[in-house]
**Q** 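Got a structure for you, questions after.
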2 protein chains.
Amino acid sequence: MARLGTSVEEPVRQRLLSAATRLFAEKGFESTSVQEIVAAAGVTKGAMYHYFDSKDDLLQEIYGRVLRMQMDRLQRFADGEGTVAERLHAAAADVINTTVDNLDDSKIFFRSNHQLAPDTRKIVRAERRRYHERFRDLVIEGQQEGVFRDDVPAEMVVDFFFGSVHHLGTWYHPDGPLTGGEVGRYFADLLLRSLTPAS
Amino acid sequence: MARLGTSVEEPVRQRLLSAATRLFAEKGFESTSVQEIVAAAGVTKGAMYHYFDSKDDLLQEIYGRVLRMQMDRLQRFADGEGTVAERLHAAAADVINTTVDNLDDSKIFFRSNHQLAPDTRKIVRAERRRYHERFRDLVIEGQQEGVFRDDVPAEMVVDFFFGSVHHLGTWYHPDGPLTGGEVGRYFADLLLRSLTPAS
DNA sequence: TCGTCTTGACCGACCAGTCGGTATGCTGGT
DNA sequence: ACCAGCATACCGACTGGTCGGTCAAGACGA
């Protein structure tokens with residue numbers, strides 16, 4: 001069933017994931033009941049528990065999706081062509097863009113950490129650390145080349161920048177005056193300038 | 001009651017507020033039951049509902065406290081002495097310091113917005129906007145004087161910086177290697193440098 | 001005795017998750 | 001061509017338990 005191109009309807013599993021993402025982002029994980037999720041997806045509880053082990057399982061699925069996407073995109077830009085400054089700028093602007101394009105995912109990702117099962121939380125944290133380290137290595141690379149100032153630890157720079165990314169879910173509205181690309185360019189500019197050595 | 005310096009024990013109201021703050025920060029508002037709060041404060045539910053209207057009332061009280069403190073401190077630095085660059089640097093470093101010193105408050109403040117009653121949320125948002133605007137005005141002042149670069153909107157700079165503040169609750173640990181003062185200095189440096197005009 | 005403070009049993013609502021059952025359709029033996 | 005056997009997909013009433021909040025009654029200082 002559901003042969004390519006023949007089915008207009010999303011499969012049930014996907015509908016559940018979409019509904020859960022929207023609701024978790026809007027009202028938070030704890031304030032969303034399973035009943036609401038299945039109602040939004042147009043199925044019953046039984047169907048949900050057929051596809052997922054638990055409500056937490058839905059959340060884990062969302063985390064996995066976000067982690068995979070973030071890492072993929074960072075790799076692509078960090079290992080790309082150009083000077084280290086160009087690569088850092090491109091990677092930074094892309095993170096903002098991706099975050100803005102998947103705002104619901106990002107809201108959940110940054111706000112629901114403490115709802116994860118301890119084991120899952122450990123995995124997420126480890127994955128997240130690898131991600132930050134890849135970003136940090138770009139900064140260190142620039143510092144060693146002498147094109148970035150090195151009187152602030154690279155870790156600090158990364159935490160500084162990712163704060164801004166994290167924060168996007170709080171203030172950015174897709175129907176506001178700014179596109180994701182614009183915010184991405186501004187923020188990447190600010191990051192690069194804060195790294196410009198004194199002349 | 002509770003005359004200054006005479007009572008060794010914190011009054012019940014204060015104990016409840018402290019316990020709620022600690023628990024909300026640790027496990028989140030929705031995952032903390034009233035039962036746990038009153039147990040941690042060493043009183044019963046009845047006592048709590050004598051001092052507070054509801055669980056939400058506790059949260060509102062915490063928000064009010066944070067809002068008042070933030071605004072007070074910003075005013076003091078923004079209206080202080082020195083060049084605009086010095087004042088912005090001092091204000092920025094102070095926000096970080098205050099956030100780190102009251103990490104539980106900050107975690108709650110930045111994570112529990114969507115649990116607020118709609119009316120309260122409106123008030124909090126308005127107060128928060130006034131706060132951001134005061135900060136933004138400092139940036140604009142520097143841009144008009146020509147000591148800050150003005151090719152990035154001041155609002156963007158403020159959102160960029162407060163993201164980093166917001167984010168502190170996620171990664172900063174009081175018993176880690178960095179003091180709040182150090183983080184404050186680093187972040188304020190990064191902010192000021194990102195505003196340095198091309199020479 | 002009056003008002004403030006505190007108690008703890010209790011309430012109805014709601015929650016995540018379970019379970020017995022049904023419908024559908026594929027598979028392979030005849 | 002047929003049917004028995006079985007797996008997948010789904011249903012929705014139900015359960016055990018927790019939740020925020022209430023209330024009548026007591027404790028106690030003024």
Side-chain angles (χ1 to χ4, degrees), chain A residues 1-3 6-24 26-63 108 112 114-121, chain B residues 1-3 6-24 26-63 108 112 114-121:
Chain A
M1 70 190 85
R3 303 184 52 75
T6 59
S7 168
V8 180
E9 290 185 20
E10 258 183 323
V12 170
R13 201 190 129 88
Q14 195 51 50
R15 285 218 309 276
L16 281 164
L17 231 28
S18 303
T21 302
R22 186 158 25 86
L23 288 166
F24 288 165
E26 185 189 319
K27 338 191 326 161
F29 177 80
E30 291 283 342
S31 302
T32 303
S33 71
V34 172
Q35 209 49 255
E36 290 175 292
I37 297 169
V38 299
V43 298
T44 58
K45 262 209 209 186
M48 197 218 100
Y49 280 96
H50 175 73
Y51 288 103
F52 298 94
D53 290 341
S54 63
K55 189 185 169 188
D56 295 72
D57 195 20
L58 279 167
L59 187 60
Q60 289 180 32
E61 206 70 26
I62 294 169
Y63 264 83
I108 298 168
S112 306
H114 54 113
Q115 310 289 358
L116 254 22
D119 292 349
T120 314
R121 184 153 61 232
Chain B
M1 75 191 86
R3 303 182 53 75
T6 59
S7 169
V8 180
E9 289 187 18
E10 261 182 323
V12 171
R13 201 189 129 88
Q14 194 52 50
R15 287 219 307 278
L16 281 163
L17 229 30
S18 303
T21 302
R22 186 158 26 87
L23 289 166
F24 288 167
E26 186 189 318
K27 336 191 326 161
F29 178 80
E30 290 283 341
S31 302
T32 303
S33 71
V34 173
Q35 209 48 256
E36 290 174 293
I37 298 169
V38 299
V43 298
T44 57
K45 261 204 210 189
M48 195 216 102
Y49 278 95
H50 176 71
Y51 290 103
F52 299 93
D53 290 342
S54 62
K55 189 186 171 189
D56 295 73
D57 195 18
L58 280 166
L59 186 60
Q60 288 181 33
E61 205 72 25
I62 294 169
Y63 264 84
I108 298 168
S112 307
H114 55 113
Q115 309 290 358
L116 255 21
D119 292 349
T120 314
R121 184 154 60 231

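So that the names make sense, note that chain A is the first sequence line, chain B the second, and so on, each numbered from 1. Note that this is a predicted model, so its numbers are computed, not measured.
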**Q** What pairs with B:Gln115 under side-chain contact (heavy atoms from CB on, under 4.5 Å), at least two apart in sequence or on another chain?
**A**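 With sequence neighbours excluded, B:Gln115 shows a side-chain contact (heavy atoms from CB on, under 4.5 Å) to A:Ser31, B:Phe29, B:Glu30, B:Leu59, B:Ser112, given in chain and number order.
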**Q** Specify the separation, in whole Å, of atom CD of B:Gln115 and atom P of D:dG20.
**A**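 For the pair B:Gln115 CD and D:dG20 P, the rounded distance is 11 Å.
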**Q** In residues 31-40 of chain B, what residues come within less than 4.0 Å of DNA chain D, judged by heavy atoms?
**A**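 Result for residues 31-40 of chain B: B:Thr32, B:Ser33, B:Val34, sorted by number.
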**Q** How about A:Leu58 and A:Met48: do any of their side-chain heavy atoms sit closer than 4.5 Å?
**A**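 The answer is yes; the side chains approach within 4.5 Å.
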**Q** Excluding sequence neighbours, so at least two apart, what forms ring pair (Phe, Tyr, Trp, His ring centres under 6.0 Å) with B:Phe52?
**A**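 Listed in chain order: nothing, the list is empty.
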**Q** Can you name the side-chain contact (heavy atoms from CB on, under 4.5 Å) partners of A:Ala117, sequence neighbours left out?
**A**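 Partners of A:Ala117 under the side-chain contact (heavy atoms from CB on, under 4.5 Å) test: A:Gln60, A:Thr120.
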**Q** Of all the heavy-atom pairs spanning B:Leu16 and B:Ala41, show the shortest one and how long it is.
**A**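 For B:Leu16 versus B:Ala41, the nearest heavy atoms are CD2-CB, 3.8 Å.
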**Q** Would you indicate whether the side-chain heavy atoms of B:Asp56 and B:Leu116 approach each other to under 4.5 Å?
**A**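 A side-chain contact is absent here, since even the closest heavy-atom pair is not under 4.5 Å.
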**Q** Rounded to whole angstroms, how far apart are CG on B:Leu23 and P on D:dC19?
**A**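 Rounded to the whole Å, the gap is 13 Å.
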**Q** Starting from P on D:dT18, measure out to CD on B:Glu30 and report it in whole angstrom.
**A**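 The distance from CD of B:Glu30 to P of D:dT18 comes to 17 Å, rounded to the nearest Å.
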**Q** For residues 38-54 of chain A, which residue pairs pass the side chain to side chain donor-acceptor pair (under 3.5 Å) check, not counting sequence neighbours?
**A**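 Sorted pair list comes back empty.
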**Q** Are B:Arg22 and B:Glu36 close enough for a salt bridge, meaning some N to O gap below 4.0 Å?
**A**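 No.
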**Q** Please list residues of residues 44-55 of chain B whose heavy atoms come under 4.0 Å from any atom in DNA chain C, ordered by number; otherwise none.
**A**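 Result for residues 44-55 of chain B: B:Thr44, B:Gly46, B:Ala47, B:His50, B:Tyr51, sorted by number.
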